[in-house]
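All values reported here derive from a predicted model rather than from experimental measurement. Start at 1 and go down the list; that is how both ligands and their atoms are numbered. Values reported hereafter were calculated over all heavy atoms of this structure, with side chains retained and with hydrogens, waters and symmetry mates removed.
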Amino acid sequence: MTLKTFATAIITVAELPYAYDALEPYISSETLHFHHDKHYAGYVAKLKELTTDTRYSALPLEDIVRQSDGAVFNNAAQALNHELFFEQFSPQPRHAPEGNLRRAIELQFGSVDELKKSMTSAATMLFGSGWVWLAADNDGVLYVLSKPNAGTPLTDGLHPLIAIDVWEHAYYIDYRNVRKEGVESMFKVLDWAKVEQRYDKI
Ligand code: MN
């Protein structure tokens with residue numbers, strides 16, 4: 001008798017928390033269909049394929065990201081990055097942070113607009129594909145990070161707060177080569193209430 005040591009991977013595709021056309025005109029239904037159903041779901045499918053019946057299969061996604069490298073890391077990080085990305089938007093977003101997060105942003109960046117400018121600039125400067133993050137350490141100190149490919153703040157021991165996807169698949173259908181406009185459109189539907197929830201959980 002063979003003892004089955006490892007479970008089937010528990011990772012699943014998180015449903016969009018809004019309709020495909022809910023973020024128009026900033027992010028189109030066509031972009032969300034491709035981005036969520038093809039790109040994100042593709043990373044999840046590949047991760048399942050790579051981790052079923054391995055030591056990773058029963059781990060929460062965050063732990064797979066922290067413990068892996070190579071193809072497993074790339075697909076696990078992309079799965080997690082996209083969960084954070086889609087979840088942070090809303091058709092009725094709160095347009096500004098409040099409370100502790102607002103105070104930290106004003107202390108470190110001067111204003112929310114300055115933070116957005118800093119992140120948009122990092123996104124346009126990032127060569128090739130990757131992510132720009134607002135992240136925080138355990139003390140709530142904020143960092144803007146620019147990461148190539150599947151890069152995530154988790155590998156720096158930081159907590160992700162805002163995920164800006166600057167892979168071409170995130171904006172090319174709607175904004176073609178103009179990455180800056182694609183990023184600015186993401187901030188239009190960013191729900192600061194969700195960013196605050198992430199910050200207040202630290
Ligand atoms: Mn993406």
From Lys194, Arg198, His82, residue fulfilling side-chain hydrogen bond (donor to acceptor under 3.5 Å, both in side chains) relative to Glu87: Arg198

Sequence-distant partners of Ala45, side-chain contact (heavy atoms from CB on, under 4.5 Å), two or more places apart: none

Pairs meeting criterion salt bridge (Lys or Arg N to Asp or Glu O under 4.0 Å) with involvement of residues 104-119, two or more places apart: Arg102-Glu106, Glu114-Lys117

Pair Tyr199-Asn100, side-chain donor/acceptor within less than 3.5 Å: no

The Mn ion (ligand 1): protein N, O or S atoms that are less than 2.8 Å away, sorted by chain: His35 NE2, His82 NE2, Asp165 OD2, His169 NE2

Identify all side-chain donor-acceptor contacts of residues 128-136 below 3.5 Å with residues at least two apart in sequence or on another chain.
from	atom 1	to	atom 2	distance (Å)
Trp131	NE1	Gln78	OE1	2.8
Trp131	NE1	Asn149	O	3.4
Trp133	NE1	Gly151	O	3.0

Donor-acceptor pair between Asp37 and Tyr20 side chains, under 3.5 angstrom: yes

